[in-house]
Q: 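This is the structure I want to talk about, given as structure tokens.
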Amino acid sequence: MTEDHKPTETQEPSDFIRDIVKGHVAEKRYPSIVTRFPPEPNGFLHLGHAKSICLNFGIARENGGTCHLRMDDTNPAKEDIAYVESIIKDVKWLIEGWADNVLGLKASGQKPETKSVNGKSDFSITSAPASVVNLQPFYASDYFDQFYAYAVELIKQGHAYVCDLSPDETELHRGSPDKPGKDSPFRVRPIAESLDLFARMKAGEFTDGTRTLKAKIDMASPNIWLRDPILYRIRHTSHHQTGSNWCIYPMYDFAHCLSDYIEGITHSICTLEFEVHRPLYDWILSSLSLLRPQPHQYEFAKLIPSYTIVSKRKLIQLVNEKIVSSWDDPRLPTLSGLRRRGIPASGLRRFVIGVGVTKYDSLTDIAVFEHAIREELNTAAERRLAVLKPIKLVLTNIAAGETIICKATNNPQSENSTTRDITLTREVYIESEDFAEVPPPKYFRLKPGGEVRLKYACIIKFSEIIKDAAGAVTEIHCTVDMDSRDGLPGSNRKVKGTIHWVSATNCIDAEVRLYDRLFTLEEPDSQGDFTKAINPHSLEVVHAKIEPSLKDAALGQSFQFERLGYFTLDSADSKPGKLVFNRTITLRDTWAK
RNA sequence: UGCCUGGUAGUGUAAUGGUAGCACCGCAGAUUCUGACUCUGCUUGUCUAGGUUCGAAUCCUAGCCGGGCAGCCA
């Protein structure tokens with residue numbers, strides 16, 4: 001791999017959206033680049049959002065701009081304050097140390113400013129400087145007054161009307177993709193009447209579903225979204241931010257473009273399914289004849305990782321049906337799940353930036369994700385010894401009570417790696433898979449008659465197997481080649497196999513959760529019901545013997561358990577004295593295959 | 001027989017009229033006190049058919065195939 005193509009974070013990525021932005025920067029079209037990440041607080045952020053976050057924050061970062069975190073909270077029925085909290089936490093986690101300096105937030109209580117020009121009101125809000133103490137995300141709901149004023153403006157100009165059609169009738173009037181719709185009878189309603197009705201909608205005079213505010217565009221348009229789309233609907237529902245102040249709420253299409261405008265967004269980047277909405281985005285903005293430059297929408301293909309699902313609805317189903325333990329179950333592709341599993345934010349970024357940005361949907365091999373994580377962890381994680389499925393090994397020429405101190409390298413990937421002491425004793429545990437009474441061909445771990453190295457310690461030679469009455473192996477006896485001990489010249493002697501171990505008298509216990517892919521199918525819902533593709537072995541819990549230094553492990557710290565994989569403390573269940581580790585990911589294993 | 005949009009190795013992504021490259025995966029080998037990492041090599045690709053051109057993944061025409069769009073969701 002040459003430096004030029006290495007998908008590192010110092011290497012600036014390039015794609016069709018960045019090319020557009022670059023062009024705008026070159027021609028100085030905007031004073032500065034402002035993007036936004038606008039999740040609706042109705043679920044947890046996941047791998048798919050990570051791509052959007054890295055794109056939007058990445059573009060801001062590469063161009064000295066800002067990226068607003070905005071709650072797209074225009075549908076109180078589906079939203080919850082708990083989601084707001086988790087979204088903030090997840091975003092901050094993902095961009096920390098990378099783009100946190102371009103994160104655009106507003107001051108607590110900050111609302112748009114109004115400027116009047118020629119009797120026309122213009123609304124704007126900008127991010128607060130980082131020195132402000134109480135920073136919080138932007139909220140579309142902060143602009144409800146402004147949206148309302150813009151809606152009134154639209155009515156006055158004859159671009160919108162109040163419609164009394166029921167939901168069913170509205171659907172009928174809309175027609176279908178290949179058949180034009182027909183005009184609502186209320187389309188010709190006098191402006192004054194619509195104005196009055198809209199005010200009364202706001203005042204709460206009508207019940208849910210009885211009236212809507214619609215844009216007056218073209219019921220025969222081949223684009224469904226231009227067939228008099230609904231701008232406002234009546235919802236007598238209290239809102240997590242605005243309480244019971246409102247009983248009419250703007251639709252996405254109306255609120256989004258205007259939020260972008262009010263915040264001075266220059267590039268509004270969203271996924272492909274909004275492509276057909278773009279004409280409406282532009283229509284609303286240009287119908288309002290706004291004072292400042294209009295933002296523009298650009299679309300890219302969302303991330304679809306193999307062997308996983310990222311649909312909010314299906315994620316909820318997994319949690320509700322208790323197929324996984326919670327929203328932050330380490331098997332889930334939610335950012336909270338990935339974090340709990342031990343996936344480093346830097347690795348996640350490396351992955352989503354590496355897959356690139358295009359305009360066609362594609363299935364991204366989850367192996368690419370796994371590779372990015374391993375690459376990140378390989379350089380970052382300190383090494384430790386741990387035995388997941390222990391079997392006892394007795395070193396017969398070490399006396400009971402005798403201890404031999406060995407030096408173990410903490411991180412062979414770093415040039416001036418430190419070491420730590422580990423203790424070799426007469427009785428140790430080794431991985432049961434590292435011994436085979438009847439070894440397969442090319443097996444170079446411990447076998448009858450064989451020799452193997454105990455990592456960092458010495459070379460041992462097999463002497464005998466001890467079995468119980470049932471014939472199961474209870475312990476293995478070996479002798480230590482004392483000249484091969486760590487630090488002695490004889491330690492340079494070559495043996496084919498090296499295995500990991502811990503002292504049986506000096507180790508500590510830990511629960512270790514071994515995670516695997518949640519689904520057995522590349523595309524879990526390719527064969528109908530995705531729950532049928534659940535991997536029954538996605539979680540295995542083992543009781544491991546681990547080296548004592550691990551009792552000082554810190555939350556959030558990643559370790560490589562040598563020859564096994566990368567592990568981190570479980571943030572929910574691990575306690576001092578009762579450690580629980582999650583396996584983030586295995587090491588690449590070319591032997592198992 | 002609607003509209004929008006897109007097709008490059010198995011997968012993901014470059015090449016913007018001038019040698020089809022990179023990464024992942026896979027395979028083979030070297031190295032190794034982690035069967036990891038690292039290193040070397042290998043297999044496999046421009047949807048099809050015409051056209052323009054000295055030259056086409058790129059431009060044009062036609063076709064084929066895929067994705068999206070008919071919430072008072074976002």
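No experiment lies behind these values; they were computed from the predicted model shown. By convention in this document, chain letters (A, B, ...) are assigned in the order of the sequence lines, proteins followed by strands, and residues within each chain are numbered from 1.
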Q: Has the side chain of His277(A) got a donor or acceptor atom sitting under 3.5 Å from an opposite partner on the base of A74(B)?
A: yes
Q: Do any side-chain nitrogens or oxygens of His500(A) fall under 4.0 Å of OP1 or OP2 in U34(B)?
A: no
Q: Ignoring hydrogens and geometry beyond distance, is the side chain of Arg588(A) in donor-acceptor contact with the base of G35(B) at under 3.5 Å?
A: no
Q: Could you state the NZ-C1' distance from Lys442(A) to G35(B), rounded to the nearest angstrom?
A: 11 Å
Q: Verify the contact: side-chain N or O of Arg174(A) to OP1 or OP2 of C69(B), cut-off strictly under 4.0 Å; return yes or no.
A: no
Q: Pairing donors with acceptors under 3.5 angstrom, does anything connect the side chains of Lys302(A) and Ser52(A)?
A: no
Q: Over all strands shown, is Val276(A) touching base, sugar-phosphate only, or nothing at heavy-atom distances under 4.0 angstrom?
A: base
Q: Could you check which of G67(B), G12(B), G6(B) has an atom nearest any side-chain atom of Ser362(A)?
A: G12(B)
Q: So which nucleotide from U8(B), C37(B), C33(B) ends up closest to the side chain of Tyr360(A)?
A: U8(B)
Q: Leu165(A) near the nucleic acid: base, sugar-phosphate alone, or nothing, with a heavy-atom cut-off under 4.0 Å?
A: base
Q: Name the nucleic acid region contacted by Pro180(A), choosing base, sugar-phosphate or nothing; use a 4.0 angstrom heavy-atom cut-off, strictly under.
A: nothing
Q: May I ask you to decide if the ring planes of His239(A) and Phe144(A) are parallel, tilted or perpendicular, using 30° and 60° as cut-offs?
A: perpendicular
Q: From CG of Asn411(A) over to C1' of A36(B), roughly how many Å is that when rounded to an integer?
A: 12 Å
Q: Rounded to whole angstroms, how far apart are CZ on Phe274(A) and P on G6(B)?
A: 18 Å
Q: Say we look at C24(B) and U43(B): how far apart would their C1' atoms be, to the nearest angstrom?
A: 15 Å
Q: Using a cut-off of strictly less than 4.0 Å, decide whether Thr358(A) has a side-chain nitrogen or oxygen near OP1 or OP2 of U13(B).
A: yes
Q: For nucleotides A9(B) and A57(B), find the distance between their C1' atoms and express it as a whole number of Å.
A: 14 Å
Q: Less than 4.0 angstrom between a side-chain N/O of Ser306(A) and OP1 or OP2 of U11(B), yes or no?
A: no
Q: Please confirm whether the backbone N or O of Ser306(A) pairs with a side-chain atom of Arg517(A), one donor and one acceptor, at under 3.5 Å?
A: no
Q: C1' atom, C47(B) versus C65(B): distance in rounded Å?
A: 7 Å
Q: Just compare C33(B), G68(B), A14(B) and give me whichever is closest to any side-chain atom of Lys494(A).
A: C33(B)
Q: Which nucleotide, in any strand shown, forms a Watson-Crick or G-U wobble pair with U38(B), with both distances under 3.5 Å?
A: A30(B)
Q: When you check the side-chain N and O atoms of Tyr252(A) and Asn75(A), is any donor under 3.5 Å from an acceptor?
A: no
Q: P atom, A20(B) versus U44(B): distance in rounded Å?
A: 15 Å
Q: Counting just side-chain N and O atoms, does Arg235(A) come under 4.0 Å of either OP1 or OP2 of C73(B)?
A: yes
Q: Syn or anti for G50(B), taking syn as within 90° of 0?
A: anti
Q: Once you apply a heavy-atom cut-off of 4.0 Å, does Ile230(A) come out as touching a base, just sugar-phosphate, or nothing?
A: base
Q: Can you tell me if Arg211(A) touches the phosphate of C72(B), counting only side-chain N or O atoms and a distance under 4.0 Å to OP1 or OP2?
A: no
Q: Base, sugar-phosphate or nothing for Phe444(A)? Non-hydrogen atoms, less than 4.0 Å.
A: base
Q: Between C73(B), C24(B), C33(B), which one does the side chain of Met251(A) approach most closely?
A: C73(B)
Q: Name the closest nucleotide to the Ser491(A) side chain, picking from U13(B), C33(B), U34(B).
A: C33(B)
Q: Cut-off 3.5 Å, side chains only: do Ser417(A) and Asn411(A) have a donor facing an acceptor?
A: no
Q: Between Thr364(A) and C24(B), does any side-chain N or O lie under 4.0 Å from OP1 or OP2?
A: no
Q: For the side chain of Lys455(A), counting heavy atoms from C-beta on, which of C24(B), C33(B), A36(B) is nearest?
A: C33(B)
Q: Within the 3.5 Å criterion, strictly below it, is a donor on Asp80(A) or His240(A) matched to an acceptor on the partner's side chain?
A: no
Q: Describe the nucleic acid contact of Glu370(A) in one word from base, sugar-phosphate, nothing, applying a heavy-atom distance below 4.0 Å.
A: nothing
Q: Nearest-Å distance, OH (Tyr232(A)) to P (C72(B))?
A: 17 Å
Q: What distance, rounded to whole Å, do you find between the two P atoms, one in G45(B) and one in U11(B)?
A: 12 Å
Q: Under 4.0 Å, heavy atoms only, any strand: does Asp486(A) hit a base, just the sugar-phosphate, or nothing?
A: base
Q: Expressed as a whole number of Å, how far does the C1' atom of G7(B) sit from that of U58(B)?
A: 14 Å
Q: With heavy atoms under 4.0 Å as the rule, sort Arg445(A) into base, sugar-phosphate or nothing.
A: base
Q: Given the C1' atoms of G18(B) and U40(B), what is the spacing between them in whole Å?
A: 31 Å
Q: Base, sugar-phosphate or nothing for Phe254(A)? Non-hydrogen atoms, less than 4.0 Å.
A: nothing
Q: Any side-chain N or O of Tyr456(A) less than 4.0 Å from the OP1 or OP2 oxygen of U34(B)?
A: no
Q: Return yes if a side-chain donor-acceptor contact under 3.5 Å exists between Tyr281(A) and Asp260(A), otherwise no.
A: yes
Q: Between U34(B), C72(B), G68(B), which nucleotide has the shortest distance from any of its atoms to the side chain of Gln560(A)?
A: U34(B)
Q: Going by atom types only, do Asn223(A) and Ser221(A) share a side-chain donor-acceptor pair under 3.5 Å?
A: no
Q: Counting side-chain heavy atoms from C-beta on, which of U34(B), A70(B), C37(B) comes nearest to Pro177(A)?
A: A70(B)
Q: Rounded to whole angstrom units, what separation is found between the CG atom of Leu388(A) and the P atom of U34(B)?
A: 19 Å
Q: If only side-chain N and O atoms of Arg278(A) are considered, is one of them under 4.0 Å from the OP1 or OP2 phosphate oxygen of C4(B)?
A: no
Q: May I ask you to check whether Arg485(A) and Ser491(A) show a side-chain donor-acceptor distance below 3.5 Å?
A: no
Q: Please state whether the phosphate of A74(B), meaning OP1 or OP2, lies under 4.0 angstrom from any side-chain nitrogen or oxygen of Arg233(A).
A: yes
Q: Between atom CD1 in Ile460(A) and atom P in C33(B), what is the gap in whole Å?
A: 17 Å
Q: With distance as the sole criterion, is a donor-acceptor pair present between the side chains of His371(A) and Arg350(A) under 3.5 Å?
A: no
Q: Whole angstroms only, please: what is the CD1-P distance between Ile366(A) and G12(B)?
A: 13 Å
Q: Taking the minimum atom-to-atom distance to the side chain of Leu363(A), which one of U34(B), G12(B), G6(B) wins?
A: G12(B)
Q: Regarding Asp19(A), tell me which of base, sugar-phosphate or nothing describes its non-hydrogen contacts under 4.0 Å with the strands shown.
A: base
Q: Rounded to whole Å, please give me the gap between CG in Leu231(A) and P in G71(B).
A: 17 Å
Q: In the strands shown, is G66(B) matched to any nucleotide by a Watson-Crick or G-U wobble pair with both distances under 3.5 Å, and which?
A: U5(B)
Q: Between A74(B) and Thr74(A), is there an OP1 or OP2 to side-chain N/O distance shorter than 4.0 Å?
A: yes
Q: Using the C1' atoms only, state how far G12(B) lies from C4(B), rounded to an integer number of Å.
A: 25 Å
Q: Check every atom of U5(B), G68(B), C72(B) against the side chain of Glu275(A) and return the nucleotide holding the closest atom.
A: U5(B)
